[in-house]
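Notes follow once the structure below has been shown.
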Amino acid sequence: MNGLVFRIGGEGGEGVISMGELLTLACARAGYDIYAYKTYPAEIKGGYAMWQVRVKDELLLSQGDKVDVLICFNQESYDRDSRDIADNGVLLYDIDQCPNVKENTPYQKYGIPFSKLAVEKIGSKRSKNVLILGIISGLFDFHLEIMEEMVRQKWHHKGDTVVQKNLDALRFGFEYVKENLTFSLSLKIPKLDKEPTMVLSGNESICLGAILAGLKYYAGYPITPASDIMEWLSEKLPALDGTVIQTEDEISALASVLGASYAGAKSMTATSGPGLSLMCELIGLASMAEIPAVIVDVQRGGPSTGMPTKVEQSDLNLALYGAHGDSPRVVMALSSVEDCFYGIIRAINIAERTQLPVIVLSDQYLAQRKASMRIPDLSHIEFETRLEPDPAEQSSDYKRYALTESGISPMAIPGKHPYGYVATGIEHEETAKPGYSRKLHDDMTNKRFKKLKTVHEDSNKYVKFYGEPQPEVGIIGWGSSEGVIREAVKIANANGMKVAALHPKIISPLPYRSIDEFLALTKKVIVPEMNYTGQFANYLMAWHDIKPIRLNKYQGMPFTPDDILAKIEEVYGKTHIKETHSPFYSVPE
Amino acid sequence: MAEKETLEPQPPLKREAKDYKSGNEPIWCPGCGDFGVLASLYDALAVYNFDPKDVVVVSGIGCSSRLPGFLNTYGFHGVHGRALPIGMGVKLANPELNVIVTGGDGDGFAIGGGHIPHACRRNVDLTYIVMDNEIYGLTKGQISPTSPLGLDTGSTPEGSIENPLNPIALCLIYGASFVSRAYSGKRQEMNKLIVRAIDHKGFSFIDAYSPCITFYDTYKIWPQKIVPIPEDHDTSDLMAALKLALDPEKMYVGIFYEKREPSLVEREDSIRKVLKEKIGSPSIQSLFELFQ
């Protein structure tokens with residue numbers, strides 16, 4: 001089975017997303033690997049909403065290309081989505097809501113009066129979604145008991161009547177197919193005998209990892225697509241003796257995170273581009289005063305308000321350079337739902353170890369899609385805490401910013417150590433006393449940057465290599481495109497093209513050694529990224545002898561494996577690479 | 001009144017004001033009102049005999065924001081205007097700490113003005129002392145949000161065309177649970193006020209008049225206007241407090257308003273309790289199960 005892609009399209013608020021979530025979890029419980037994402041309007045009600053889920057009996061790397069099963073709630077969905085249906089796919093549409101459906105199509109069609117059936121047979125328009133789930137179960141021989149169990153769980157809190165009504169809708173849909181279906185489908189989703197997995201979004205995965213890593217303080221300001229991190233944590237973290245607070249703005253969020261971290265708590269905030277812009281001054285303070293802090297930036301389309309519900313990777317420059325002065329920080333990029341879990345643990349560890357701000361880049365596509373994840377084996381996870389003064393050593397000359405071999409100095413904690421000092425954004429001596437001498441700024445700047453050395457080791461450790469060991473064409477990607485790139489490489493390799501990809505998880509400091517080794521294999525390197533300016537390509541050029549072949553997508557939609565594959569095919573075998581667009585100077589063709 | 005059992009002077013070691021001094025000498029101009037505020041703070045800390053390790057003094061940027069460096073307690077000298085949220089983070093992370101936030105009128109009412117309403121309405125457990133000199137000192141004399149209309153400064157050579165804001169009235173309206181004013185020229189009163197403010201459970205605000213001798217010397221003007229709040233003033237009466245705050249002639253010093261209501265720390269604790277009753281203290285495994 002090559003996987004099956006379902007897409008549900010309709011109007012926002014109509015239940016498209018909740019139905020998609022149910023279908024996704026049901027497939028996961030049936031033992032399938034799933035990969036789901038949604039797009040939804042920035043408006044609260046109305047507008048087009050879409051849920052897509054790919055299910056497969058082995059590890060999934062991307063959302064796929066073509067749609068095997070399209071379910072249209074209305075004409076708009078049909079108009080937008082029907083072109084994506086695979087030739088051997090199926091279209092299920094509401095026959096009353098989609099008046100203009102093409103007659104002759106390579107795919108099979110099935111017009112069903114979803115809404116009418118729900119009203120007439122079940123007595124509630126709201127049962128439509130569950131009724132469709134029943135239809136899907138019938139069509140694909142999906143294990144109905146799994147669906148039934150999910151319905152019971154979902155509506156349990158609303159009482160038996162509601163549960164029964166939804167079960168009726170589910171069974172009605174299931175039977176309806178058996179009685180009315182005029183063609184047969186070869187696509188089936190039988191129940192698999194597999195270990196259970198979790199199904200969760202990137203944002204949820206971040207929350208789980210952060211809690212496991214010992215997060216004790218979270219402050220944030222609502223912003224799409226990061227808000228659900230705060231919402232999820234506020235239901236759980238206080239029960240674990242932590243604190244979640246919604247502040248008056250993102251400045252206050254990071255300021256209070258720095259206060260809490262200074263007082264000894266592992267602390268974090270999450271935001272999106274506009275919020276990160278506001279935080280920049282405080283990122284400099286965290287650098288200067290050496291306070292561990294984790295800042296998650298769930299990137300969205302920019303600049304300004306941009307496209308809040310769409311994906312883009314255009315905050316890299318801000319993450320790398322935002323803040324005045326020479327302000328060391330660590331920048332990481334999360335690459336999959338699973339990586340969100342392990343990545344945030346790594347981020348908290350690195351922040352604690354180095355007493356630096358760590359900016360963790362996610363994006364809307366990663367944050368809000370759902371994917372399968374193996375239940376983590378906790379015995380393999382390491383947790384770090386910050387270096388504190390040795391309690392045995394009651395020294396009267398404690399130096400908060402002591403110049404050490406690693407640059408890392410023991411951090412005294414208020415209330416815990418008898419070493420009152422002033423954490424300060426002013427340049428300071430080892431004792432934290434303000435000072436401006438030339439030698440001092442030199443020494444202290446070196447000290448602060450020296451701390452990145454240990455992170456450089458991590459950087460070379462957390463870099464993935466995929467594909468042919470001796471590639472002719474290389475890809476260096478970053479962030480959430482990892483799965484798509486990996487899938488494209490897999491297909492290219494299967495088609496006899498020698499292609500490999502490198503995917504660093506820590507972006508600053510870069511895994512210089514690994515990248516140099518990769519560049520020694522091939523000079524033809526494609527750098528795919530979801531932005532116009534090629535921020536990562538530019539950054540690579542600053543540090544490596546590389547002429548990146550840029551592949552930029554900035555439509556608010558993620559790459560598909562086909563996008564990457566097309567570029568590979570264009571580049572592969574050519575000795576002379578066509579000049580790709582140079583940002584700032586010309587518009588790409 | 002607040003629970004006093006943890007705050008009362010504790011033997012055996014009895015600290016004095018000098019026991020809170022750091023080795024750093026203040027960088028302020030001789031005659032600066034901030035010396036008086038600092039001295040009162042030393043005295044107040046000695047009254048409670050706080051262990052310096054249990055006190056955190058947070059500040060922003062400005063002349064008065066250099067204050068934490070002159071104490072041997074913990075301190076956090078952050079960025080301009082963000083002392084209140086930093087102080088909130090410190091307090092929420094470790095409610096055992098005594099958090100005092102200091103700064104000037106520019107730091108607090110201009111660049112940081114957006115944080116005051118929220119500190120007030122959240123009733124964050126900290127004492128906020130604004131050394132108000134009605135001028136920007138560190139940047140060498142420009143108008144501040146409290147500068148009087150018509151004031152001739154570096155940035156207003158023809159006189160300020162902006163009305164000053166009223167910090168006391170604002171904090172009262174924002175719902176602060178302790179609103180007061182002191183004058184650095186009256187040390188005894190200021191000492192008492194800081195002691196009371198630290199004792200207050202929740203957010204306590206002190207507008208501390210503290211003249212800038214260099215750029216806007218008010219030592220001669222203010223004492224003519226400064227009068228103590230009448231003894232018969234009812235500090236639980238918000239409207240009466242507002243009336244005093246809005247008096248066009250007099251600059252009242254003393255406690256305008258005081259009320260006891262749950263502080264942010266107390267409210268956070270009650271949320272923890274509610275959640276624990278609902279979901280217990282979830283193990284990571286049980287959190288994993290939510291997604292299966």
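By convention in this document, chain letters (A, B, ...) are assigned in the order of the sequence lines, proteins followed by strands, and residues within each chain are numbered from 1. Predicted model, so just to flag it, every value in this text is computed and none were measured.
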Check: Val56(B) and Pro414(A): which non-hydrogen atoms are nearest, and at how many Å?
Finding: CG2-CB, 3.7 Å

Notebook entry, point to check: Taking Val244(A), Thr431(A), Asp241(A) one by one, which has the highest count of heavy-atom pairs under 4.5 Å against chain B?
Noted result: Asp241(A)

Next item on the list: Please check if atom NZ in Lys21(B) has more than 12 non-hydrogen atoms from other residues, nucleotides or ligands closer than 6.0 Å.
Entry: no

Checklist line | chain A contacts, top residue of Lys273(B), Arg122(B), Glu268(B) (heavy-atom pairs, under 4.5 Å) | finding: Arg122(B)

Check: Is it the side chain or the backbone of Tyr421(A) that comes within 4.5 Å of chain B heavy atoms, both, or neither?
Finding: both

Note to self: Working to the nearest 0.5 angstrom, can you tell me the gap between Glu289(B) CD and Met198(A) CE?
What the structure shows: 10.5 Å

Next item on the list: Considering only heavy atoms and a distance below 4.5 Å, find which of Pro68(B), Pro52(B), Pro282(B) pairs most often with chain A.
Entry: Pro282(B)

Check: Roughly how far apart are Leu287(B) CG and Leu240(A) CG, rounded to 0.5 Å?
Finding: 7.0 Å

Notebook entry, point to check: Going from CG on Leu378(A) to CZ on Phe288(B), what distance comes out if it is rounded to the nearest 0.5 angstrom?
Noted result: 5.0 Å

Checklist line | Heavy-atom pairs under 4.5 Å with chain B, option from Gly242(A), Ala265(A), Ala432(A), Pro196(A) with the top count | finding: Gly242(A)

Check: Side chains of Thr197(A) and Gln292(B): does their closest heavy-atom pair fall under 4.5 Å?
Finding: no

Margin query: Using heavy-atom distances under 4.5 Å, tell me whether Ile27(B) contacts chain A through its side chain, its backbone, both, or neither.
Written below: neither

Note to self: Using heavy-atom distances under 4.5 Å, tell me whether Phe341(A) contacts chain B through its side chain, its backbone, both, or neither.
What the structure shows: side chain

Margin query: Atom NZ of residue position Lys236(A) - does it have more than 12 heavy atoms of other residues, nucleotides or ligands inside 6.0 Å?
Written below: yes

Next item on the list: Would you check if Leu237(A) and Leu275(B) make a side-chain contact, meaning some heavy-atom pair closer than 4.5 Å?
Entry: no

Notebook entry, point to check: Looking at Ile61(B), Val58(B), Val79(B), which has the largest count of heavy-atom pairs under 4.5 Å with chain A?
Noted result: Val79(B)

Check: Donor-acceptor pair, Tyr74(B) side chain versus Ala423(A) backbone, under 3.5 Å?
Finding: no

Check: Most heavy-atom pairs under 4.5 angstrom with chain A, which of Leu92(B), Asn72(B), Asn94(B), Asp54(B)?
Finding: Leu92(B)

Next item on the list: Just give me the residue among Gly284(A), Gly264(A), Pro238(A) that pairs up with chain B most often, heavy atom to heavy atom, under 4.5 Å.
Entry: Pro238(A)

Next item on the list: Could you tell me whether the side chain of Ile291(A) reaches within less than 4.5 Å of the side chain of Phe76(B), counting heavy atoms only?
Entry: yes

Margin query: As an exercise: rank Leu258(A), Ile211(A), Ile251(A), Leu25(A) by heavy-atom pairs under 4.5 Å with chain B and give me the winner.
Written below: Ile251(A)

Note to self: If I take atom CD1 from residue Ile86(B) and atom CG from residue Leu285(A), how far apart are they, to the nearest 0.5 angstrom?
What the structure shows: 5.5 Å

Margin query: Within the supplied structure, the quantity of interest is the number of heavy atoms (other residues, nucleotides, ligands) at a distance under 6.0 Å from Glu96(B) CD; does it exceed 12?
Written below: no

Next item on the list: Pick one of side chain, backbone, both or neither for Leu84(B), based on which atoms fall under 4.5 Å of a heavy atom in chain A.
Entry: neither

Check: So what's closer than 4.5 Å to chain B heavy atoms on Ile375(A): side chain, backbone, both or neither?
Finding: side chain

Next item on the list: For residues Tyr262(A) and Gly75(B), report the shortest heavy-atom separation together with the two atoms involved.
Entry: OH-O, 2.9 Å

Note to self: At a 4.5 Å cut-off on heavy atoms, which part of Ile413(A) comes close to chain B: side chain, backbone, both, or neither?
What the structure shows: backbone

Check: Heavy-atom distance under 4.5 Å to chain A: side chain of Gln285(B), backbone, both or neither?
Finding: side chain

Notebook entry, point to check: Side chains of Arg82(B) and Ser256(A): is there a donor and an acceptor less than 3.5 Å apart?
Noted result: no

Notebook entry, point to check: Just wondering, more than 12 heavy atoms not from Arg374(A) lying within 6.0 Å of its CZ?
Noted result: no

Notebook entry, point to check: With a 4.5 Å limit on heavy-atom distance, are the side chains of Lys53(B) and Tyr419(A) in contact?
Noted result: no

Next item on the list: Could you look at Val257(A) and say if it's the side chain, the backbone, both or neither that has a heavy atom under 4.5 Å from chain B?
Entry: neither

Margin query: Looking only at heavy atoms and a cut-off of under 4.5 Å, which of Asn24(B), Ile271(B), Val274(B) has the most pairs with chain A?
Written below: Asn24(B)

Notebook entry, point to check: Which residues from residues 109-121 of chain B are near chain A, with near meaning under 4.5 Å between non-hydrogen atoms?
Noted result: Gly114(B), His115(B), His118(B)

Notebook entry, point to check: Between Ser372(A), Gly415(A), Gly425(A), which has the largest tally of heavy atom pairs under 4.5 Å with chain B?
Noted result: Gly415(A)

Notebook entry, point to check: Counting distance only, does the side-chain N/O of Ser281(B) pair as donor-acceptor with the main-chain N or O of Ala239(A) below 3.5 Å?
Noted result: yes

Notebook entry, point to check: Ser252(A), Ala253(A), Ala263(A): which one forms the most heavy-atom pairs within less than 4.5 Å of chain B?
Noted result: Ser252(A)

Item checked: Part of Ser261(A) lying under 4.5 Å from any heavy atom of chain B -> neither

